[in-house]
2 protein chains.
Amino acid sequence: MPQTSLSSALFTLAQSYRVTVREAINANELGLNALHVRCLHIIAETQHCTANDIVAKTGRDKAQIARLVKELIKLELVSKCADKNDKRCLILSFTEQGKTLFSRLQIAEKQVDSKLCEGLTETQITEFISTATTMINNIKN
Amino acid sequence: MPQTSLSSALFTLAQSYRVTVREAINANELGLNALHVRCLHIIAETQHCTANDIVAKTGRDKAQIARLVKELIKLELVSKCADKNDKRCLILSFTEQGKTLFSRLQIAEKQVDSKLCEGLTETQITEFISTATTMINNIKN
DNA sequence: CCCCAATAGTTGATATAGTCAACTATACGC
DNA sequence: GCGTATAGTTGACTATATCAACTATTGGGG
């Protein structure tokens, strides 16, 4: 390739990344995809997490998230339970199985991440994330 | 968001980028998507461009590219013509309409790019692309 | 207290994107 | 000429994403 353009780098990276994660996940675990994994992360890091929180944090369509969550529940990784103060809100939390799988997932992800970052310094990675974040904010809505 | 992880930054960026490009394209042009656009770029920058070149440069499935090219031809942006030395190779080139649209596209893209890069220095962008390229190579196959 | 706009989530239908495998046609080495 | 490699096409399928309509609940104003 000659001088790679920004858009082409982005596009290629996103695609390769998705494929790699999927392979890693498929190889190690049951049928989870990259978005499932993101959902699990969000559930893990958000106390009192609702489907809406996931929609907000991922920027996806709520229909997509609803179905995704449904799958996680079917897989018995996550359970939902109505908030007693607001029955519209269904709070998502890990089952025991979910917790177990999540910690295995974190290990698998670390492997992908470290492969991704081979030959890069801490600084380069930090700056990469920071630039990416700026870009995300630039085009946010 | 707290400390954004690499994977989440990547994933979000790719998603937002796709949405933004699509909006820009949809707004300005007929039904072209980001991959169509990449194809057009490759056709533009590759002399004697074949479908296979596009497959090689994008890393997509050749079936996908075949259909994409078919659409571009249907839209009368691109035409194909067998290489006289090797009739298996179908060389892709712009039609007049294609040339016109491509230059309009370049303008639209510049707008997206510059929006994306607001507040970033040349150096940051260069390093971003270079880091991304390293990552792509790290997970290539 | 009841109505209503707003909010959380669900569902159906559909569109878009990506993948796999089988197939045709041509080319090239021997 | 024959077998194998290459370029491209097609069908069938799966995965992802999007839109719009719908239910259930909530909280506020009359």
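For clarity, every value in this text was computed on a predicted model and none was experimentally measured. Proteins come first, then strands; the chains are lettered A, B, ... in the order of their sequence lines, and each starts at number 1.
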Tell me, do L116(B) and T20(B) make a side-chain contact under 4.5 Å, heavy atoms counted? no
Under 3.5 Å side-chain donor-acceptor pair for T50(A) and R88(A)
no
Rounded to whole Å, CD of E71(A) lies from P of dA17(D) at a distance of 12 Å
Here the distance between atom C1' of dA17(D) and atom NE2 of H36(A), to the nearest Å, is 14 Å
Closest of dT9(D), dT10(D), dA27(C) to the K70(B) side chain is dT10(D)
Sorted by position of nearest nucleotide on DNA chain C, 5' first, the leading residue of L90(A) and L35(B) is L90(A)
Looking at K84(A), I'd like to know whether one of its side-chain N or O atoms comes within less than 4.0 Å of OP1 or OP2 on dT26(D). no
Contacts of A34(A) and N85(A) projected onto DNA chain D by closest heavy atom; the upstream (5') one is A34(A)
Testing dA6(C), dA7(D), dT18(D) for proximity to the side chain of Q15(B), the answer is dT18(D)
Practice item. Decide, yes or no, whether a salt bridge links K99(B) with E96(B) under the criterion of side-chain N to carboxylate O below 4.0 Å. Key: yes
Scan D53(B) against the nucleic acid and name what it touches under 4.0 Å (heavy atoms): base, sugar-phosphate only, or nothing. nothing
When you check the side-chain N and O atoms of H48(A) and D83(A), is any donor under 3.5 Å from an acceptor? yes
Side-chain donor or acceptor of S16(B) paired with backbone N/O of I136(A) under 3.5 Å: no
query: Quick one: is dG9(C) close enough that its OP1 or OP2 comes under 4.0 Å of any side-chain N or O from R88(A)?
result: no
- dG18(C) phosphate, OP1 or OP2, under 4.0 Å from Q64(B) side-chain N/O: yes
Checklist entry - Between N33(A) and dA15(D), does any side-chain N or O lie under 4.0 Å from OP1 or OP2? => result no
The nucleotide from dT9(D), dG18(C), dA7(D) with an atom nearest the side chain of A66(B) is dT9(D)
Distance check: side-chain N/O of K62(A) vs OP1/OP2 of dC22(D), anything under 4.0 Å? no
Do any side-chain nitrogens or oxygens of R67(A) fall under 4.0 Å of OP1 or OP2 in dT10(C)? no
Assign A63(A) to base, sugar-phosphate, or nothing according to its heavy-atom contacts below 4.0 angstrom with the strands shown.
base
(message) Using a heavy-atom cut-off of 4.0 Å across all strands, would you classify D61(B) as base, sugar-phosphate, or nothing?
(response) base
To the nearest angstrom, the CG-C1' distance between D83(B) and dT6(D) comes to 13 Å
